[in-house]
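For reference, the structure discussed in these notes is given below.
In this text the structure is predicted, and so the values were computed from the model without any measurement. Values below: every heavy atom of this structure, side chains too, minus hydrogens, waters and symmetry copies. The sequence lines fix the lettering, A, B, ..., with proteins before strands; numbering per chain opens at 1.
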2 protein chains.
Amino acid sequence: MSDGLAPAPLYARVERIITGRIADRTWPPGHMLPSETELAAELGVSQGTVRRALDALYRRHVVERRQGRGTFVAQHTSERALFHFFHLTDLDGGKMAPTSRVLRLAREPATATEAQRLGLKTGAAVIRIVRVRLLRGESRVAETITLPAARFRGFHLPVGEEMQDELYVHYQRHHGVSVARAEDALAAEAASAEAAHLLGVTAGAPLLRVERVACDLSGDPVEWRVSLVDTAALRYRVLLE
Amino acid sequence: MSDGLAPAPLYARVERIITGRIADRTWPPGHMLPSETELAAELGVSQGTVRRALDALYRRHVVERRQGRGTFVAQHTSERALFHFFHLTDLDGGKMAPTSRVLRLAREPATATEAQRLGLKTGAAVIRIVRVRLLRGESRVAETITLPAARFRGFHLPVGEEMQDELYVHYQRHHGVSVARAEDALAAEAASAEAAHLLGVTAGAPLLRVERVACDLSGDPVEWRVSLVDTAALRYRVLLE
DNA sequence: AAGTGGTCTAGACCACCGT
DNA sequence: CGGTGGTCTAGACCACTTT
């Protein structure tokens, strides 16, 4: 519980302790946490203080709580990934579940940009994935994804075939990597020849470019992706409040 | 405190009561609320329950709380508007305060689209504003804003001159309209001749199109805007968590 | 019936702000 | 100093889930 500087409130320290145990997989995804009473006794604080910390983690989607059952480390499900990390809808705001087709998957040295975004040294090994995502059966998104190879040993995906699009579930299940936070940076750009070919649009057509850095619970970057979206029939939606 | 259906938790009812008094301007922006103790006594609940409601309102930016001073109805400041409702940054994520120049301001009948977005009848009177927003002195955003005239009587802005860009502050100060929530829908599109002219790009250049509906505390739409952004040197940033 | 989270209360004590 | 919000505790009672 050493803190270096200012003495943080108790509930904040409790929150960090619990977060730490989740991040280091003492309590892996899906695991049931000790009850509020047990945690309070173990940490030497009142139940109310533990509750306050757990409520904060619940609001951040780090744990799930169900009355009568217990508190569980949040697991990525397709629904959760879709809801929190997929912001494309049809023109009326209707949700759609995408599928995807991997075109290329290789282990290669990182470019300067990739290394910078992922906090690696240039030339460090990365997994690079090129894929197309389909919405209502149509190719709408061309995507390049870069992963630090050190955290994704033995990474593989079926290449060439259409599959359910559950990459974050895959990261968690097969590599113990839970995406907790991401930042998207959006711009408009003209379609390159390749992008145009992949998406079935004319070269030079306006595309939405989405660059994302995704981080785990500890705040370390674990994924860098560039998505090119044909927004003829799609919208990227953002709620501000 | 009548509730029609299920008996909501006390703290939720307290939250709604307080929200109501803010929405109907019993407590206008900047006003100091009664202390937790007073509210608890008035509403016949414990201080802890009032606190829980106020904490929720604080997280939603509806009130501001300062230790030793009191709880105040949130006021739109340029900083808050910039932080919550302005998502454009430079390429490195650096924040910038925009200025703006109004090109046209008129009271006109609503188009079908405008009426639909604002929950009005087609042909209802709206204020329509066309303006350009400048970042670091360069025209980067061309914007059309539509307001329901009924809620913005006597609306005026200086036309033609460069000014501080504080529209939401203006709505609140001069028309008692507080924007509490907004939804943006983004797409890429090719620049029209007018947009190209306003932004100093070539016609057909890719622009980021941002459509926004902004709502007040009661959830009623109060503004509809379409922004066309030259993203050559800008990014629209979104934090997901 | 036993165990879990969810709500609500009452009260102590601290930190901060204004006068 | 008195008043405000911020933290922390202790305990009662309820609603839900599982055995």
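The separation between A:Glu64 atom CD and C:dG6 atom C1' is 17 Å, rounded to whole Å. Between the CZ atom of A:Arg51 and the P atom of C:dT4 there is a distance of 13 Å, given to the nearest Å. Taking atom CG on B:Leu54 and atom P on D:dT7, their separation rounds to 14 Å, with Å as the unit. Between the CD atom of A:Glu38 and the C1' atom of C:dA2 there is a distance of 13 Å, given to the nearest Å. For A:Tyr58 and C:dT7, the OH to P distance is 10 Å, given to the nearest whole Å.
Taking the six-membered ring where tryptophan is involved, the planes of B:Phe155 and B:Phe152 are perpendicular, since the angle between them exceeds 60° and thus also 30°. Between B:His170 and B:His174, the ring planes lie tilted relative to each other; the angle falls in the 30° to 60° range.
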Practice problem: Test A:Asp220 against A:Arg151 for side-chain contact (heavy atoms from CB on, under 4.5 Å), laying out the working first. | Solution: CA-CA 11 Å; A:Asp220 298 322; A:Arg151 297 199 57 173; 4.2 Å; yes
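Using a 4.0 Å cut-off, no side-chain N or O of A:Arg65 falls inside it from OP1 or OP2 of C:dT4.
With hydrogens and angles left out, the side-chain atoms of A:Thr89 and A:Arg235 include no donor and acceptor closer than 3.5 Å. If you check the side chains of A:Ser100 and A:Arg133, you find no donor sitting under 3.5 Å from an acceptor.
Remark: side-chain polar atoms of B:Arg80 are not paired, donor with acceptor, to backbone N or O of B:Ala74 under 3.5 angstrom.
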Self-check item: Per-nucleotide protein contact string for nucleotides 8-19 of chain D (B base, S sugar-phosphate only, - none; heavy atom under 4.0 Å)
Solution: SB-----BBSS-
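For residues 85-99 of chain A, every residue pair satisfying the salt bridge (charged side-chain N to carboxylate O under 4.0 Å, His left out) rule, not counting sequence neighbours, is listed here: A:Asp90-A:Arg136.
For the segment residues 70-77 of chain A, the set of residues with a heavy atom within less than 4.0 Å of an atom of DNA chain C comprises A:Gly70, A:Thr71, in numerical order.
Of the candidate nucleotides C:dT4, D:dT4, C:dG5, C:dG5 has the atom nearest to the side chain of A:Glu36.
Judged by the 6.0 Å and 45° rule, A:Arg52 forms a cation-pi pair with A:Tyr11.
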